[in-house]
Participant: 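Below is the structure I would like to discuss, written out as structure tokens.
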Number of protein chains: 2
Amino acid sequence: MLYIGFNRKIFTMELDALDKQLVALLQEDCKKTTKQYADALQLSKTAVYERIRRLERTGVITGYVALLNKSKVNRDFTVMCHIRLVQHTKENVLRFEREILKLEEVSECFHVGGDYDYILKINVEDMKSYREFMITKLTAINNIGNTQSSFVINEVKNSPSVHI
Amino acid sequence: MLYIGFNRKIFTMELDALDKQLVALLQEDCKKTTKQYADALQLSKTAVYERIRRLERTGVITGYVALLNKSKVNRDFTVMCHIRLVQHTKENVLRFEREILKLEEVSECFHVGGDYDYILKINVEDMKSYREFMITKLTAINNIGNTQSSFVINEVKNSPSVHI
DNA sequence: TCAAAATTAGAACAATATTCTATTATTAAT
DNA sequence: ATTAATAATAGAATATTGTTCTAATTTTGA
């Protein structure tokens, strides 16, 4: 697979069945010992070690992070916020996205097609702090047309991993 | 902070400034050495080691995972799918959520208030596979009223971490 | 103010990651 | 199909880091 262009993917690394199994395990828990992954895959420590290094080197694995229980840190009030811009000039779009990146309450932000222009996931402590966030930070950004907030009643599933 | 009830949080663990710094570091990169975190926090290895263990033991940290570059594994076609149910009986809701949990293409699913009942994040290879997913898996679930798919044009921000 | 409990530092030890060498398997060209 | 070159693997050797231990220090609560 070959793409032309600047900063685009040049090729898709071929992952064999063992790589896929390994990636699945690492997406579940990246803190097991090499030996544990090796036993699961019926390979030697070295084989697994080299495969992980290759996945890192080729950019398949981008990092390793700790996950938190949001309720334990008082950030379990989640809102999906839909935003419509007034005007879609390139400058407006870029400036909006730049401003959003500064907001620590926003954990996800997607530019989408359809009814609204952006869908954001926002994590705060409670409704009061959401209101505060809205009036002092979000709507302070220029060029926002209107917003629609969908409050999360229940997190059915929330995983950073992708099935391959 | 104290709550009454079954399966609710009993107390919120008090995190001091060092804990918060540490959690922030671990959410960025959980594979550094204890010594590296210790240097950053101006603490000894043991102090950091014990703090991490406590964060794990008290459930603040729920796990450690590898993050992937979705484009490298051909799962960079992302769709935010809004779903309305026909009927909201308890059984219908539970059955719907149970079915959603089985779908590996769905990485996030939130039960929300507002215009729609559920907002899903779906990761597949391309539009063709999304169509396939829609007609064979998603709409095969009973009790779905209608859906609205917002295709992601650009991921402005997509992080599993929360700012505390 | 004092005793009890928790936190921390530094050393000692155990476990694991990483490197090295040799062997085996895979690939690509003839 | 054969062979040379390359890549992947296993097992041993080494280096690094995680984990435990002990003592000292700080914090907490009466």
Side-chain angles (χ1 to χ4, degrees), chain A residues 1-3 9-69 72-74 160-161 164, chain B residues 1-3 9-69 72-74 160-161 164:
Chain A
M1 195 167 296
L2 194 66
Y3 291 80
K9 66 180 165 185
I10 304 304
F11 64 94
T12 299
M13 179 187 164
E14 284 306 324
L15 301 177
D16 66 16
L18 289 171
D19 286 324
K20 288 178 185 174
Q21 265 188 269
L22 182 53
V23 162
L25 293 174
L26 291 168
Q27 282 190 121
E28 274 180 17
D29 181 358
C30 69
K31 283 278 188 146
K32 290 182 173 167
T33 66
T34 312
K35 173 132 185 24
Q36 285 180 290
Y37 301 119
D39 289 346
L41 302 183
Q42 312 249 57
L43 278 177
S44 71
K45 286 191 350 172
T46 312
V48 168
Y49 180 78
E50 288 301 331
R51 278 172 181 267
I52 293 177
R53 290 285 307 242
R54 189 163 54 95
L55 291 165
E56 292 168 354
R57 184 164 31 82
T58 57
V60 173
I61 292 175
T62 58
Y64 301 94
V65 301
L67 299 180
L68 302 191
N69 181 338
K72 296 272 183 173
V73 293
N74 289 115
S161 65
I164 63 171
Chain B
M1 195 167 297
L2 195 64
Y3 292 81
K9 64 181 165 186
I10 305 302
F11 66 94
T12 299
M13 178 189 164
E14 284 307 323
L15 301 177
D16 66 17
L18 289 172
D19 286 324
K20 288 177 184 174
Q21 266 189 268
L22 182 53
V23 162
L25 293 174
L26 291 168
Q27 281 191 119
E28 273 180 16
D29 181 359
C30 69
K31 283 277 187 144
K32 290 182 173 166
T33 65
T34 312
K35 173 129 183 28
Q36 285 180 288
Y37 300 119
D39 290 346
L41 302 184
Q42 311 248 59
L43 279 177
S44 71
K45 282 189 359 170
T46 312
V48 168
Y49 180 78
E50 288 302 332
R51 278 171 183 268
I52 293 176
R53 289 283 308 242
R54 189 163 53 94
L55 290 165
E56 292 168 355
R57 183 164 31 81
T58 57
V60 174
I61 293 174
T62 57
Y64 301 94
V65 301
L67 299 181
L68 303 191
N69 181 338
K72 295 272 185 176
V73 293
N74 288 117
S161 64
I164 63 172

Participant: Using a cut-off of 4.0 Å between protein heavy atoms and nucleotide atoms, how would you tag nucleotides 14-29 of chain D 5' to 3' with B, S and -?
Facilitator: ---SBBBB--------
Participant: Can you give me the bend angle of the helix from C:dT1-D:dA30 to C:dT30-D:dA1? Use the axis through the first five pairs and the one through the last five, nearest 10 degrees.
Facilitator: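 Taking five pairs per end, the axes differ by 60°.
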Participant: Which residues pass the side chain to side chain donor-acceptor pair (under 3.5 Å) test with A:E56, not counting sequence neighbours?
Facilitator: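 Result, side chain to side chain donor-acceptor pair (under 3.5 Å) vs A:E56: A:Y64.
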Participant: A:L55 CG to D:dA8 P: how many Å, rounded?
Facilitator: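 That distance rounds to 11 Å.
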Participant: Rounded to the nearest 0.5 Å, what's the gap from CG on B:L15 to CG on A:N74? Could you check?
Facilitator: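 Rounded to the nearest 0.5 Å, the CG-CG separation comes out at 9.0 Å.
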Participant: What is the separation between atom CD1 on B:I52 and atom P on C:dT8, rounded to the nearest whole Å?
Facilitator: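 Atom-to-atom, B:I52 to C:dT8, this comes out as 12 Å.
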Participant: Could you tell me the separation between the CD atom of B:E14 and the C1' atom of C:dT7, rounded to a whole number of Å?
Facilitator: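 To the nearest whole Å, that distance equals 17 Å.
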Participant: Test side-chain contact (heavy atoms from CB on, under 4.5 Å) on A:K72 and B:T58 and set out the steps.
Facilitator: CA-CA 9 Å; A:K72 296 272 183 173; B:T58 57; 5.5 Å; no
Participant: In whole Å, I'd like the distance from the CG atom of A:L26 to the P atom of C:dA17.
Facilitator: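 A:L26 atom CG is separated from C:dA17 atom P by 12 Å.
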Participant: Please report, rounded to the nearest Å, how far the P atom of C:dA25 is from the CG atom of A:D16.
Facilitator: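 One finds 16 Å between P of C:dA25 and CG of A:D16, rounded.
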Participant: Check whether A:Q27 reaches the backbone of A:A24 with its side chain - one donor and one acceptor, N or O, closer than 3.5 Å.
Facilitator: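 Not confirmed, A:Q27 side chain does not pair with A:A24 backbone.
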Participant: Rounded at 0.5 Å granularity, tell me how far CZ in A:R51 sits from CG in A:L18.
Facilitator: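 Output value for this atom pair is 4.5 Å.
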Participant: I'd like to know whether NZ of A:K31 has more than 12 heavy-atom contacts from other residues, nucleotides or ligands below 6.0 angstrom.
Facilitator: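 Check passes, neighbour count above 12.
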Participant: Rounded off to whole Å, could you give me the CG-to-C1' distance for the B:L43 and C:dG10 pair?
Facilitator: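 Value for this atom pair: 14 Å.
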Participant: Tell me the closest heavy-atom pair linking A:C30 and B:A66, and the distance in Å.
Facilitator: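 Closest heavy-atom pair between A:C30 and B:A66: CB-N, 3.8 Å.
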Participant: Find the distance A:L18:CG to D:dT9:C1' and express it as a whole number of Å.
Facilitator: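 Going from A:L18 (CG) to D:dT9 (C1'), I get 12 Å.
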Participant: Would you say A:R54 has more than 12 foreign heavy atoms packed within less than 6.0 Å of its CZ?
Facilitator: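 Yes, because the 6.0 Å sphere around CZ of A:R54 holds more than 12 heavy atoms from other groups.
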